[in-house]
Amino acid sequence: MAPSMSNAGHPPRTHGGLAPAAIGSFDPHLSQLIIDEETVEAILAVLRQLIRDSQAISGMVLDRAGQIIVWTGQGYAEQRTQLGALIAGTYASTREVARILQENSFRTLLQEGAKEKIFTEAVGDQWLVSVIFGRHTHLGLVKVLCSRATLDLAQILARTVERSKNRPRMKDTGLMRVANDTIDLLFRDDTEK
Amino acid sequence: MALINVAAREIHGKIVYYGPGLCGKTTNLQYIHSKIPAGAKGDLLSIATETERTLFFDFLPLDLGKVHGFTIRFHLYTVPGQVLYERTRIAVLNGADGVVFVADAQRERLPDNLQSLRELAQNITAQGKRFLDFPLVMQYNKMDLPNALPVPVLDRYLNTIRVPRFEATAVTGHGVFETLRAICKLVTNKL
Ligand SMILES: Nc1nc2c(ncn2[C@@H]2O[C@H](COP(=O)(O)OP(=O)(O)O)[C@@H](O)[C@H]2O)c(=O)[nH]1
Ligand SMILES: [Mg+2]
């Protein structure tokens with residue numbers, strides 16, 4: 001079966017003058033990432049421990065495009081899609097600010113309210129981990145625990161990327177045909193002739 | 001980068017509406033939001049200035065429901081079009097799986113369209129992707145206006161790379177869903 005990567009074999013490139021990080025580096029030719037059970041279980045274990053140890057409310061691992069890979073916790077689960085999009089957007093804009101300041105180390109982001117806070121840290125070059133916590137949790141603790149968690153998460157995701165490269169394309173299944181039919185069915189306008 | 005969550009049986013794709021300021025990107029999302037059945041969409045989130053101009057992005061999650069046991073989701077975004085916000089556009093474009101380039105068909109907007117399209121090509125390339133292979137469709141919007149350029153002229157200047165293109169009047173919804181279907185299929189077929 002065809003590999004999941006369409007441009008395999010291209011030489012690695014660097015981006016914006018920054019050398020890719022050794023772990024979890026951004027591969028522009030990887031057009032999809034396949035998250036398997038093993039990945040979800042491993043990420044969940046890290047997130048759960050992070051939340052337990054810091055007594056946070058919720059936590060998530062998401063990609064830089066704003067798509068949530070794993071979410072855990074009770075608070076704000078309903079709004080997680082929007083949270084993911086907003087946090088990834090804010091992080092990306094922070095990174096652009098960093099570029100202007102020629103600053104390489106804007107790897108974290110803190111959003112602070114009167115009641116709740118959200119701490120976000122980069123995981124490798126492609127992902128983020130975010131923790132939502134209340135006033136009973138100490139920010140310093142969250143920072144320490146997060147920076148430890150990011151190392152584990154980066155390794156888990158780097159292995160996922162490797163496995164992803166050897167997976168069959170979705171194209172080879174009947175899924176694409178049915179997906180196209182569903183798109184026709186659902187994304188249509190009654191006023192269209 | 002599309003995310004295929006085999007464990008949760010979910011597929012996510014990110015689609016960005018790109019184009020010069022006031023070409024109708026937000027209007028596309030508003031129309032889509034108004035017509036999609038409640039179960040298949042989330043709230044339309046808009047981060048805009050007081051005067052309704054997009055400041056950061058608009059965001060609309062769409063949900064195709066279960067297909068062969070997989071839940072397929074598309075996240076639609078728009079970028080702020082004004083030249084000033086180039087860095088913000090780069091941020092929103094991050095990790096996009098497909099782009100709709102919305103052109104303003106009015107004659108006097110041709111230079112703005114060209115500049116925006118060039119910038120898009122640069123930004124896609126800067127992400128390490130090949131622009132010519134990237135899932136892209138074009139929408140010629142505001143075809144209702146008397147000063148809209150004829151399609152062959154728009155084709156000649158804007159669609160030199162010959163991607164699928166659609167005429168539209170986003171305010172009435174004409175062409176909006178046709179465009180959406182085309183980009184969603186391009187993204188899905190790349191999986
Ligand atoms: N006549 C006409 N006006 C449109 C059309 N699409 C959008 N507009 C108007 O153009 C203006 C800018 O639209 P908007 O969606 O905010 O542009 P954006 O900057 O690309 O997000 C608004 O006043 C819209 O009502 C169209 O197809 N025809
Ligand atoms: Mg707008």
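Every chain is numbered from 1, with letters handed out A, B, ... down the list of sequences. Just so it is clear, the values below take in all heavy atoms, side chains as well, and ignore hydrogens, waters and symmetry mates.
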Look up atom CD in Q67(A) and atom CD in E10(B), then write down how far apart they are to the nearest 0.5 Å. 10.5 Å
Contacting region of I90(B) [heavy-atom separation from chain A under 4.5 Å]: side chain
P61(B) and T81(A): which non-hydrogen atoms are nearest, and at how many Å? CB-CG2, 3.9 Å
In Å, rounded to the nearest 0.5 Å, how long is the span from CE of M176(A) to NZ of K190(B)? 13.5 Å
Within a reach of under 6.0 Å around CD of Q55(A), are more than 12 heavy atoms found that belong to other residues, nucleotides or ligands? no
Heavy-atom side-chain proximity of D184(A) to K185(B) below 4.5 angstrom: yes
Please identify, among T39(A), I68(A), L86(A), the residue contributing the most non-hydrogen atom pairs under 4.5 Å to chain B. L86(A)
Locate the shortest heavy-atom distance separating A85(A) from Y77(B); write the atom from each residue and the value. CB-OH, 3.2 Å
At their closest point, which heavy atom of S93(A) faces which heavy atom of A91(B), and how far apart are they? N-CB, 3.9 Å
Could you look at V178(A) and say if it's the side chain, the backbone, both or neither that has a heavy atom under 4.5 Å from chain B? both
Look at the side-chain heavy atoms of Ile, Leu, Val, Met, Phe, Trp and Tyr, link any pair under 4.5 Å apart, and say whether M138(B) and L110(B) land in one connected group. yes
Considering residues, nucleotides and ligands other than K41(B), do more than 12 of their heavy atoms fall under 6.0 Å from its NZ? yes
Would you find more than 12 non-hydrogen atoms of other residues, nucleotides or ligands less than 6.0 Å from R87(B) atom CZ? yes
Could you tell me whether E108(B) atom CD has more than 12 heavy atoms of other residues or ligands within 6.0 Å of it? yes
Side chain to side chain contact (heavy atoms under 4.5 Å, CB included) for I183(A) and T188(B)? Distances and angles first, verdict last. CA-CA 10 Å; I183(A) 288 167; T188(B) 334; 3.6 Å; yes
The residue among R181(B), K35(B), E178(B) that forms side chain to side chain contact (heavy atoms under 4.5 Å, CB included) with F187(A) is R181(B)
Side chains of I35(A) and I4(B): does their closest heavy-atom pair fall under 4.5 Å? no
One should read off an interatomic distance between L186(B) CG and N180(A) CG, to the nearest 0.5 angstrom, of 9.5 Å
4.5 Å side-chain heavy-atom contact, L3(B) and D63(A): yes
Linked, directly or transitively: L136(B) and V151(B) (ILVMFWY side chains, under 4.5 Å): yes
Reported NE2-to-CD distance for the pair H75(B) and Q82(A), which is rounded to 0.5 angstrom: 9.0 Å
pair L33(A)-H12(B): side-chain heavy atoms closer than 4.5 Å: no
Regarding D36(A) and N5(B), is there a side-chain donor-to-acceptor distance under 3.5 Å anywhere? no
Assigning hydrophobic clusters by single linkage (Ile, Leu, Val, Met, Phe, Trp, Tyr; side-chain heavy-atom cutoff under 4.5 Å), is L47(A) placed with I57(A)? no
Test of understanding: clusters of I, L, V, M, F, W, Y form through side-chain heavy atoms closer than 4.5 Å, transitively. Do V142(A) and I51(A) belong to the same one? no
The interface call for L93(B) against chain A, heavy-atom contacts under 4.5 Å, is neither
If I take atom SG from residue C184(B) and atom CG from residue L186(A), how far apart are they, to the nearest 0.5 angstrom? 9.5 Å
Of the listed residues (T90(A), L185(A), T182(A)), which shares the most heavy-atom pairs with chain B below a 4.5 Å separation? T182(A)
Once rounded to the nearest 0.5 Å, what's the spacing between atom CZ of R95(A) and atom CG of N94(B)? 5.0 Å
Is there a continuous path of hydrophobic side-chain contacts, each under 4.5 Å between heavy atoms, that joins V161(A) to V123(A)? yes
Which atoms of I47(B) are under 4.5 Å from chain A, going by heavy atoms: the side chain, the backbone, both sets, or neither? side chain
